[in-house]
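Naming: A, B, ... by sequence-line order, numbering from 1 per chain.
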There are 2 protein chains.
Amino acid sequence: MERSNSSDNHPQSTEPLTIENHKVLVATDIALFTIKDGIFQVLLIKRGVPPFLDFWALPGGLIRMDIGERGEEPEEAALRELKEETGLAKDLGYLEQLGTYGSPNRDPREQRVISIAYFGIGPTLEDPEGGSDASHATFVPVEKAISDQLDLAFDHRLILTDAIKRARAKLEYSTIATQFCTQEFTISELRRVYEIIWDTELDPGNFQKKVLSSPGFIMDLGRNADSSQTGGRPAKLYSAGTETLLNSPIRR
Amino acid sequence: MERSNSSDNHPQSTEPLTIENHKVLVATDIALFTIKDGIFQVLLIKRGVPPFLDFWALPGGLIRMDIGERGEEPEEAALRELKEETGLAKDLGYLEQLGTYGSPNRDPREQRVISIAYFGIGPTLEDPEGGSDASHATFVPVEKAISDQLDLAFDHRLILTDAIKRARAKLEYSTIATQFCTQEFTISELRRVYEIIWDTELDPGNFQKKVLSSPGFIMDLGRNADSSQTGGRPAKLYSAGTETLLNSPIRR
DNA sequence: ACAAAAGTGTTTCTACTACACCCATGG
DNA sequence: CCATGGGTGTAGTAGAAACACTTTTGT
C-alpha cells in the first residue's frame, strides 16, 4: 500500500500521472439519531449551496488540511462540521465510524469526493440552528427521511439506510440504548427506546428482569422518579452503566 | 457536506486555501484470511520500497484516478492491488469494508494518506508471488503477524487486529465460515474452521445439529466424502448455502 | 377506594449442553 | 474383528416467554 512511486504504465491516460493527480477530497457525514416526541429521528440540514441546493442532507463537510500539524482527524472534522452546521455544541452520547462511501459518481461535481460516514447518538435539540452553508437544521423522523417525501443529497439515503440498520442491530448486543435516554432514566423509559426504534412491544416484566440481570448495563441511583405526571408507582432511577457490550442480547 | 466553497476564515494558515490544498491520497488495504495447514493465517507482503522498506504489510495501494471515467471504485482498487502484489487472480470468497484509517500521522511521508481497509477471505495460495513493488507475498499465522516478532508497516497492526476481531465475531452470526472451506466440504471441516479461528473445541454432535437446523447455512450435495485418508464413516458432502446471516448464532 | 404504572413470582416452553450410543467405512 | 470418525438420541438444565400477581404512588 501507499506506494511512493506510481510509475506504472497507465495506458488510458495521456496527461502526466503525478501523485497530485490521484488525490481526492475527503468529507465526513454524520447520521445523528435521537428520540424526540416518542419518535426515532435523525438530524438533517437543508443545503444552502449547490450542488443539491435545497435538498436535505446529513450534516458534514470536508476534512480540512489547515487544522493541526497535518490536517484534522476525520472524527474531529465530523464533529466540527456538525457544530458549524447545526450549532450542536453539547457532547454526543455516542459516535462510531459507519463506513466510507467512495463511488466515483457519488458527487456530481468535477472533483471526486469520498465520504467517511459516522453513526452517532445525540441529545435532542429543541431548536437546532443552521450555520455556515446550511440554511436549516432539524430532526426528521427516520421513516420520513428515507421515504420518497424527502429528497436527500448525494448518496445520503444509502448512508442513512445503513445507519438505521446499524442502530437497530446495535440495540440487541450493546448498551447504546442508554444513550438515547436522559442522564437519569427509568427502566420503562429505556424499554420505550427499544420499542420505538424496533417498532415492537416488549413485555415490561421480562424486560425489567433482563436488564437488571445484565451486569454493567444500568446503575441504580437509589432514588425514585417523580410519578405525579405519569401516575402509578414511582420507578427507580438509573444511569448508564460502564459496559458497552451485552453478554446476552436483548431479543426483538 | 461536500461544500463547493471553502471560503471560511482559516486563521492558522497563511497560504491561499484552494480546494486542491485539502485533497489527500486514498489507499486501500486488505486483510485477507485463509486457513492453511490447520492454522488461521493472513496474507502479508514484504515491502520493497520505502517507507517501511522490508517491513511486512497488508497488500494494498492507492486508488487510481486514471482508471474508469472518474477513477476506480475503492473495492476495485483493493482487488487490483491484491492481484498486482500477490498474483492472486482467483475469486475471493468474501470481501467487505472493514473501516477507514485516517489519522494524520499514520503515514510518515509528506503527503497525507488515508486508507480504506477491507476484510476478505480467500483461497489458500500455495505460492503467492510478489509483484510490482512487493518483493514477497506469503500467508502468515495471525498470532505471529500481530506479535512482536513481525514489524508491520504503517498502522497495519491496528488494522489487522480489528480485522481479526471482525472475523471472530462474524463466525457467530454469519455464514462466512463456509468461505474458509473448499467448494465441497464436510460438517467436520466446517467445525474445524470454528475451532481453529476461535481456538476452542466444539462438541461434534451438537455442532452437527446446530448447523443442519440453520436454514440456508449449508446445502446437502447428496454425496459422501472419501474417508480412506481420514478413516471412519464417510461424511456427507455439503456446499455453502444461500443465506448470509444466521438466525440463531453459533456459540463459542 | 380506585387507577395506573412498577416490579416480582410462577408456569410453560424452548433450546442448548453433555454424553451415551449407533453407523459406516478401512484395515 | 477393531479402530476411527460420522451421525443420532436423550436426559438434564438454563433461560426466555407468557401472564398472574403484588407494590406503591396520585387522585
Side-chain angles (χ1 to χ4, degrees), chain A residues 38 171-173 177-178 181-182 184-196 198 200-239 245-252, chain B residues 38 171-173 177-178 181-182 184-196 198 200-239 245-252:
Chain A
L171 282 192
E172 286 199 37
Y173 60 89
T178 57
C181 298
T182 47
E184 303 185 348
F185 55 87
T186 66
I187 292 183
S188 291
E189 284 164 5
L190 183 63
R191 193 184 73 241
R192 261 162 231 138
V193 169
Y194 281 90
E195 293 180 331
I196 289 164
W198 283 348
T200 46
E201 288 208 347
L202 298 176
D203 182 281
N206 292 338
F207 184 82
Q208 184 108 0
K209 277 174 286 190
K210 186 71 203 244
V211 165
L212 289 174
S213 69
S214 298
F217 196 172
I218 56 174
M219 275 172 50
D220 192 335
L221 293 173
R223 289 178 285 115
N224 285 344
D226 176 29
S227 73
S228 11
Q229 303 309 309
T230 158
R233 170 176 173 176
K236 284 188 186 176
L237 280 172
Y238 296 86
S239 64
L245 288 170
L246 296 170
N247 21 354
S248 68
I250 311 277
R251 305 194 50 181
R252 247 177 261 212
Chain B
L171 281 193
E172 285 199 39
Y173 60 89
T178 56
C181 299
T182 47
E184 303 185 347
F185 55 89
T186 67
I187 293 183
S188 292
E189 283 163 5
L190 184 62
R191 194 184 72 240
R192 260 161 230 139
V193 169
Y194 281 89
E195 293 181 330
I196 289 165
W198 282 348
T200 45
E201 288 208 348
L202 298 175
D203 182 281
N206 292 338
F207 184 82
Q208 183 107 0
K209 276 175 287 188
K210 187 72 206 248
V211 165
L212 289 174
S213 70
S214 298
F217 196 173
I218 55 175
M219 275 172 52
D220 193 335
L221 293 174
R223 288 179 284 117
N224 285 344
D226 175 29
S227 72
S228 8
Q229 304 307 312
T230 157
R233 171 177 172 175
K236 284 188 185 175
L237 280 173
Y238 296 87
S239 64
L245 288 171
L246 296 170
N247 19 356
S248 68
I250 310 276
R251 303 193 51 181
R252 246 176 263 213

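One distance of note links CG of A:L237 with CE of A:M219; it measures 12.5 Å at 0.5 Å rounding. Atom CG of B:L202 and atom CZ of B:R192 lie 11.5 Å apart (nearest 0.5 Å).
Residues A:F185 and A:I218 form a side-chain contact, since some pair of their non-hydrogen atoms from C-beta on lies under 4.5 Å apart. At a threshold of 4.5 Å between non-hydrogen side-chain atoms, the residues A:L190 and A:F207 count as touching.
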Would you be so kind as to tabulate the donor-acceptor pairs closer than 3.5 Å made by side chains of residues 245-252 of chain B, with sequence neighbours excluded?
unit_1, atom_1, unit_2, atom_2, d
B:S248, OG, B:K210, NZ, 3.3
B:R252, NE, B:E172, OE2, 3.2
B:R252, NH2, B:E172, OE2, 2.9

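The main-chain N or O of A:G232 is found under 3.5 Å from a side-chain atom of A:S227 such that the two form a donor-acceptor pair.
The nearest whole Å value for the distance from the CD atom in A:E201 to the C1' atom in D:dC19 is 15 Å. One can place CG of B:L246 at 16 Å from C1' of C:dA15, the figure rounded to the nearest angstrom. Taking atom CD on B:Q208 and atom P on D:dT8, their separation rounds to 6 Å, with Å as the unit. Between A:Q229 atom CD and C:dA4 atom C1' the separation is 14 Å, expressed in whole Å. As a whole-Å value, the separation of B:R192 CZ from D:dG6 C1' is 11 Å. Here C:dT8 presents its C1' atom at 12 Å from CD1 of A:I187, a figure rounded to the nearest Å. Rounded to a whole Å, the CG atom of B:D203 is 13 Å from the P atom of D:dG6. Remark: P of D:dG9 and CG of B:L212 are 12 Å apart, rounded to the nearest angstrom.
In plain terms, the two heavy atoms of B:A225 and B:P234 that are nearest each other are O-CB, 3.5 Å. Annotation for B:Y194 and B:A177: closest pair CE1-CB, 3.5 Å, computed over non-hydrogen atoms.
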Worksheet item: Which letters describe nucleotides 21-27 of chain D, given B = protein heavy atom under 4.0 Å from base, S = only from sugar-phosphate, - = neither?
Response: --BBBS-
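Nearest nucleotide to the A:A235 side chain, out of D:dG6, D:dA18, C:dA6: C:dA6. Residue B:T230 places its side chain closer to D:dG5 than to any other of C:dG7, D:dT8, D:dG5.
A:T186 comes within 4.0 angstrom of nothing in the nucleic acid, heavy atoms only.
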Pairs under 3.5 Å (N/O, protein and nucleotides 11-17 of chain D):
unit_1, atom_1, unit_2, atom_2, d
D:dA16, OP1, A:K210, NZ, 3.2

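Side-chain rings of A:Y173 and B:Y173 stay apart, their centers remaining 6.0 Å or farther from each other.
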